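For reference, the structure discussed in these notes is given below.
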Amino acid sequence: MAADIRLTLPDGSERTVPERTTARAVAESIGPRLAQAAVAAKLDGDVVELDRPLARSGRFEVLTEKNPDALPVLRHSSAHVLATAVRRLFPEAGIGFGPSIDDGFYYDFQVPRPFTPEDLERIEAEMQRVVAGDDPFVREEVSREEARRRFAGDPLKLERLEEIPEGDVISVYRSGAFEDLCRGPHVPATGRIKHVKLLHAAGAYWRGDERRQMLQRIYGTAWFSKQDLDAYLLRLEEARKRDHRVIGKALDLFSIQEDVGPGLIFWHPKGAMLQHQLRRFVEDAILARGYELVFTPHITREQLFIKSGHLPYYEENQFPAMAAAAGDAEDVRYRVKPMNCPLHILIYKSQQRSYRDLPVRLAEIANVYRNERSGTLHGMLRVRGLTMDDGHLFLRPDQIQDEIALALELVDFVLAQTFGITYRLDLATRPAEKLGDDAVWDQAEAALKGALEHLGLTYRLDEGGGAFYGPKIDVKFDDAIGREWQGATIQLDFNLPERFELEYTGADNKPHRPVMIHRAIFGTLERFVGFLIEHFAGAFPLWLAPEQVRVLPITDAQLEAARALHAKLRAAGIRSHVDERNETLNYRIRDGEMMKVPYLAVMGGREAEAGAVAVRARGAGNKQDVMPQDAFVATLAEHIRSRARVP
RNA sequence: GCUGACGUAGCUCAACGGUAGAGCGGCUGAUUUGUAAUCAGCAGGUUGAGGGUUCGAUUCCCUCCGUCAGCUCCA
């Protein structure tokens with residue numbers, strides 16, 4: 001009666017087994033050791049547990065601990081073990097969701113008081129007892145009525161249950177005394193979870209909605225081997241050393257001062273040099289691409305932002321209004337700008353534009369201020385005083401595709417070709433609170449999508465992630481500990497031209513409405529420099545490094561020769577200084593390496609006499625390169641000119 | 001903004017009801033050094049701010065400010 005199904009194994013061979021054979025049975029038929037090592041199985045890309053009867057033919061694979069697809073299964077099961085332990089110690093705890101995430105898992109609990117670090121220790125110890133129990137994970141399919149009965153004491157689970165569409169399978173997983181409404185899959189038994197560690201607890205809104213209750217979320221990580229777990233914990237520690245806040249302090253790049261306020265960056269001389277070089281770089285790049293630089297005021301009458309729609313759509317991110325200026329009517333108020341677009345629009349509007357003039361490309365590296373919520377601030381990566389490398393393009397509709405392509409080319413030139421950064425693209429569509437009609441949004445979203453697809457770029461869809469005035473293509477990157485941030489952005493806008501009644505005169509001698517593109521390449525200098533610090537771990541390429549060469553005379557006898565080399569470097573535009581401190585050479589080399597200076601130029605008696613220099617490149621250890629001073633200067637000057645990624 | 005943890009010398013950290021300490025860094029002196037820390041001495045703190053409890057508070061309690069992690073929100 002049972003029909004046969006055909007399973008295609010990874011080696012290409014086929015196996016015919018009766019329908020409803022379990023994955024475990026198939027694994028056993030392949031080999032007992034494979035069955036021993038099996039964690040779960042995969043049928044046509046879907047991960048299933050070993051005891052699940054197979055219902056259809058397809059590509060079949062046994063997942064062992066070596067297979068990366070097995071890790072999410074382990075981690076999801078670890079979340080159940082966590083919940084089991086919490087329920088044992090805190091029987092009154094309500095349960096929310098407990099998924100696997102990158103590198104680990106979490107589980108949300110509804111508890112009368114938040115977990116303390118001591119609670120976490122107790123919970124972790126209890127988890128070890130759950131693991132020792134080696135309870136099998138048992139899957140059961142139940143009716144909606146039965147599920148309601150079983151989760152009667154768990155209001156969060158009941159809420160979730162009611163969202164499962166009629167006709168869908170409702171599955172329940174039980175291990176020991178713990179039962180969860182869950183899709184699975186799971187490892188065979190709790191005993192498979194050996195190398196698990198709880199990391200921290202924090203509040204998290206139920207369903208990610210800040211209007212709803214806050215649950216207590218416990219984060220953990222789980223691995224198949226102790227080595228993997230230790231390696232992961234070491235990786236976290238190493239990442240902490242790359243943190244731009246740590247390096248920024250160690251290399252004296254920037255500070256944030258309580259007297260002045262959170263989210264406001266002090267660029268110290270070395271950090272300011274980074275910003276200076278980046279500004280020069282991007283200004284050259286955009287001037288070569290037909291942009292014109294502008295400068296606009298930092299504060300404007302509030303009326304401008306009412307007209308643009310920033311008030312009220314963006315009001316919660318703006319600083320409150322300032323009083324009227326001397327001589328103004330009393331009801332006039334000023335705002336510090338959170339964006340530059342309305343001001344650039346006014347420059348566009350300051351004269352009549354012909355279709356021949358378009359595209360008009362205006363750019364400004366401008367300071368804007370946004371009233372970001374206090375809990376979101378993060379070093380240089382999320383600040384209240386932002387230095388945007390902003391640009392606004394005013395186009396004829398027929399120029400949209402080309403200009404988006406040019407903007408994407410510029411992004412790639414700066415990020416990938418210059419810095420070697422790999423980035424991801426998101427297409428962010430209309431948000432809930434938005435300006436303008438859906439028809440206009442349809443058009444704008446289609447144009448961005450068309451440009452991405454025309455260029456053959458892969459992208460993710462960020463539903464609802466657009467700006468209030470238009471959809472955008474965002475560039476995303478990760479920080480040292482894997483958090484995702486947005487850098488460059490290209491935004492298409494049909495709304496602001498409408499609100500400001502922008503026009504150009506067409507070939508038909510009639511007025512037409514231009515389209516706008518808002519774009520930033522770095523995003524903001526704050527976030528970009530913060531990211532670069534982590535990307536390079538403070539070891540910036542030569543052209544960007546605040547201090548490019550440090551000249552080290554071995555003894556005072558070489559002081560004059562060292563100063564002479566320094567003068568040659570300076571004359572060639574190279575940022576150098578002489579370390580004249582009364583310390584051993586070893587001490588000064590160590591300091592130079594720790595300060596990430598690209599080249600240490602050691603000047604000893606032999607070199608001074610020969611007009612040479614002993615060059616130690618950053619990170620090259622004690623491998624030194626003795627060369628004529630002129631050759632050294634010329635080589636560096638060329639690397640700087642070409643923005644080579646050295647040393 | 002919300003939940004929790006944490007704020008001690010320039011930096012990294014000790015001390016946890018009884019006169020606040022170390023290493024690094026800084027300064028001074030000696031040393032003149034050949035590829036990742038030379039030695040010695042000295043200076044440096046109303047323990048984030050304000051209140052309270054106490055004979056006595058860095059330590060316990062409250063409020064505020066800030067930082068960190070997460071959530072939410074965003075370049």
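Just so it is clear, the structure is predicted and the values come from calculations on it, not from any experiment. Convention: sequence-line order gives letters A, B, ...; per-chain numbering from 1. These values consider heavy atoms only, across backbone and side chains, with no hydrogens, waters or symmetry-generated copies.
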Open item on the list: Quick test of your reading of the model: are A:Glu159 and A:Arg212 salt-bridged, counting only N-O distances below 4.0 Å?
Closed with: yes
- [ ] Assign A:Ala614 to base, sugar-phosphate, or nothing according to its heavy-atom contacts below 4.0 angstrom with the strands shown.
- [x] base
Open item on the list: Does A:Gly604 reach a base, just sugar-phosphate, or nothing at all? Heavy atoms under 4.0 Å.
Closed with: base
- [ ] Remember a base hit wins even if backbone is also touched, and classify A:Lys249 as base, sugar-phosphate or nothing at under 4.0 Å, heavy atoms.
- [x] sugar-phosphate
- [ ] Check whether NZ of the Lys or CZ of the Arg A:Arg581 lies under 6.0 Å from the centre of the six-membered ring of A:Tyr587 and within 45 degrees of that ring's axis.
- [x] no
Open item on the list: Output the rounded distance in Å from CD1 (A:Ile123) to C1' (B:G4).
Closed with: 14 Å
Task: Length of the CG-P vector between A:Asp209 and B:C2, whole Å - done: 16 Å
- [ ] Remember a base hit wins even if backbone is also touched, and classify A:Arg483 as base, sugar-phosphate or nothing at under 4.0 Å, heavy atoms.
- [x] sugar-phosphate
Task: No-H, no-angle donor-acceptor pair, A:Arg373 side chain to B:U72 base, under 3.5 Å - done: yes
Open item on the list: Tell me whether the side-chain N or O atoms of A:Arg519 pair up with the base of B:A75 as donor and acceptor below 3.5 Å, since no angle test is needed here.
Closed with: no
TODO: Tell me what A:Gly621 touches on the nucleic acid: a base, only sugar-phosphate, or nothing, going by heavy atoms under 4.0 Å.
DONE: nothing
- [ ] Using a 4.0 Å heavy-atom cut-off across all strands, classify A:Tyr219 as base, sugar-phosphate, or nothing.
- [x] sugar-phosphate
Open item on the list: Could you tell me if A:Arg211 sits above the aromatic ring of A:Trp206, with its cationic atom closer than 6.0 Å to the ring centre and no more than 45 degrees from the axis?
Closed with: no
- [ ] Using a heavy-atom cut-off of under 4.0 Å over every strand shown, decide if A:Met214 touches base, sugar-phosphate, or nothing.
- [x] base
Task: B:G48 to B:C11 separation - P atoms, rounded to the nearest Å - done: 13 Å
Task: Value in whole Å for how far the P atom of B:C68 lies from CZ of A:Arg382 - done: 13 Å
TODO: Scan every strand shown for a Watson-Crick or G-U wobble partner of B:U19, both distances under 3.5 Å, and answer none if you come up empty.
DONE: none
- [ ] Establish whether the base of B:G1 is bridged to the side chain of A:Tyr205 by a donor-acceptor pair shorter than 3.5 Å.
- [x] yes
TODO: Give one of base, sugar-phosphate or nothing for A:Arg370, where a contact means two heavy atoms less than 4.0 Å apart.
DONE: base
TODO: Could you tell me whether A:Glu593 contacts a base, only the sugar-phosphate backbone, or nothing, with contacts defined as non-hydrogen atoms closer than 4.0 Å?
DONE: base
TODO: Can you tell me the distance, in whole Å, between the CD1 atom of A:Ile554 and the P atom of B:G34?
DONE: 7 Å
Open item on the list: Closest approach to the side chain of A:Pro262, judged atom by atom: which nucleotide of B:U67, B:U3, B:U72 is it?
Closed with: B:U67
- [ ] Using only heavy-atom distances, decide whether a donor-acceptor pair under 3.5 angstrom links the side-chain of A:Asp556 to the base of B:U32.
- [x] yes
TODO: Check every strand shown and say whether A:Lys472 touches a base, only sugar-phosphate, or nothing at a heavy-atom separation below 4.0 Å.
DONE: sugar-phosphate
Task: Of A:Ala204 and A:Gly466, the one whose closest RNA chain B nucleotide lies more 5' - done: A:Ala204
- [ ] Sort out the partner of B:C2 for me: Watson-Crick or G-U wobble, both distances under 3.5 Å, none otherwise.
- [x] B:G70
Task: Between B:U33 (C1') and A:Leu600 (CG): distance, integer Å - done: 16 Å
Task: Distance in angstrom units between A:Leu377 CG and B:C65 P, rounded - done: 14 Å
- [ ] Answer yes or no: is there a side-chain heavy-atom contact under 4.5 Å between A:Glu316 and A:Asn371?
- [x] no
Open item on the list: Between P on B:C74 and NZ on A:Lys476, what's the gap in Å once rounded to a whole number?
Closed with: 11 Å
- [ ] Check whether the side chain of A:Arg207 and the base of B:C71 form a donor-acceptor pair under 3.5 Å.
- [x] no
Task: Length of the CG-P vector between A:Asp252 and B:G10, whole Å - done: 15 Å
- [ ] Name the nucleic acid region contacted by A:Gln213, choosing base, sugar-phosphate or nothing; use a 4.0 angstrom heavy-atom cut-off, strictly under.
- [x] nothing
Open item on the list: Whether the side chain of A:Gln257 and the base of B:G66 hold a donor-acceptor pair under 3.5 Å is what I'd like checked.
Closed with: no
- [ ] Give A:Val383 one of three labels, base, sugar-phosphate or nothing, depending on what nucleic acid heavy atoms sit under 4.0 Å from its own.
- [x] base
- [ ] Classify the nucleic acid contact of A:Glu583 as base, sugar-phosphate or nothing, counting any heavy atom under 4.0 Å across all strands shown.
- [x] base
Open item on the list: Under a 3.5 Å cut-off for both contacts, is B:U33 paired Watson-Crick or G-U wobble with anything, and if yes, with which nucleotide?
Closed with: none
